[in-house]
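Counting starts at 1 for both ligands and their atoms, in listed order.
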Amino acid sequence: MATLLHLDSSVFAGPASSSRTVTDAFRTAWLEQHPEGTVVYRDLAADPVPHITAEAHLAGFTDPVTHTPEQAAAFAARIALIEELEQADAILIGAPMYNFAIPSTLKAWLDNVILMGRTAGPESRSAEGTPVTVVASRGGSYAPGTPRAGMDHVQNFLEATLRDGLGLDLDFIVPELTMAPQNPAMAELVPLYEASRTKALEDAHRKGKETAARIAA
Ligand SMILES: Cc1cc2nc3c(=O)[nH]c(=O)nc-3n(C[C@H](O)[C@H](O)[C@H](O)COP(=O)(O)O)c2cc1C
């Protein structure tokens, strides 16, 4: 049965969140194609995974029979997250920009699932090729040619980790200028925000269906 792993990391709930609104549209479209499919959902803001610890990190480089009880417990929690990643046919991630980067809760999830010798590394990448769609919402614009181009540390970081590290088939949807309706200094940008939002929702609907079509029912 088709499985979608869906992660959200916005601190805002429901429709108050730009990224959640778009991940919801993608998920709905995906489920229309796979009504019997499974969605494994993690709200990383409401229910964060533990930050990586020395125990959990070092356990990845030593024989499990040598693990202390603390290492074994910490490593088992990592493996549970890794298995969710490996068992997914497609992955959907809401990754709003907070201070030019991804939310720390999403970084914590990545630190857990990137495991050399299993999900990452030259010899084996256990989730290689899985499609991942990232909804990278942001209050401003970091598009080429804009004053803040080059200050986006969301997309380049996720290219390095999800695409180059884990070998996932990475695609972005980028709702931008989302602060325009609230920020009087951005009033002139409201039409561009509205166009970006409309496009993001259309992209989510289309890509949700396209991603679903890549998986046998
Ligand atoms: C803590 C915090 C930091 C933010 N930092 C930035 C930033 O550096 N650049 C930016 O363009 N927008 C920034 N924003 C605005 C968000 O990127 C914007 O509201 C986006 O739509 C968030 O998506 P969400 O509604 O799904 O959380 C920040 C918002 C918060 C809450």
Transitively linked via ILVMFWY side-chain contacts under 4.5 Å: Ile93 with Val135?
no

Report whether Val40 and Leu92 are members of the same hydrophobic cluster (ILVMFWY, side-chain heavy atoms less than 4.5 Å apart, transitive linking).
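Val40 and Leu92: separate clusters.
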
Any N/O of Arg138 closer than 3.5 Å to an N/O of ligand 1?
no

Taking heavy atoms and a distance under 4.0 Å, where does Phe12 meet ligand 1: side chain, backbone, both or neither?
side chain

Protein heavy atom at shortest distance from [atom]:
atom	value
atom 25 (O) of ligand 1	Ser18 N, 2.9 Å
atom 12 (N) of ligand 1	Gly139 N, 3.2 Å
atom 20 (C) of ligand 1	Thr178 OG1, 3.3 Å
atom 5 (N) of ligand 1	Asn99 N, 2.8 Å
atom 27 (O) of ligand 1	Ser10 OG, 2.6 Å
atom 23 (O) of ligand 1	Ser137 OG, 2.8 Å

Which ligand 1 atoms does [X] reach within 4.0 Å, using its non-hydrogen atoms?
X	result
Ser19	24 (P), 26 (O)
Tyr142	7 (C), 9 (N), 10 (C), 11 (O)
Gly140	10 (C), 11 (O)

Taking all non-hydrogen atoms of both residues, which atom of Thr146 and which atom of Ala143 are closest, and how far apart?
OG1-O, 2.6 Å

[X] atom [atom1], neighbour heavy-atom count above 12 within 6.0 Å:
X	atom1	result
Arg27	CZ	yes
Gln182	CD	yes
Lys199	NZ	no

Between the side chains of His6 and Asp8, is a donor N or O closer than 3.5 angstrom to an acceptor N or O?
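Looking only at side-chain atoms, Asp8 and His6 do form a donor-acceptor pair, the distance falling under 3.5 Å.
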
We want to know whether Glu176 and Ser141 form a side-chain donor-acceptor pair, criterion being a heavy-atom distance below 3.5 angstrom.
yes

Considering only heavy atoms, which of Phe100, Tyr98, Tyr193 lies nearest to atom 31 (C) of ligand 1?
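Minimum heavy-atom distance to atom 31 (C) of ligand 1 goes to Tyr98.
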
Nearest heavy atom to atom 13 (C) of ligand 1: which of Met97, Met179, Met151 does it belong to?
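Nearest heavy atom to atom 13 (C) of ligand 1 lies in Met97.
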
Under 3.5 Å donor-acceptor, Thr119 side chain and Val113 backbone
yes

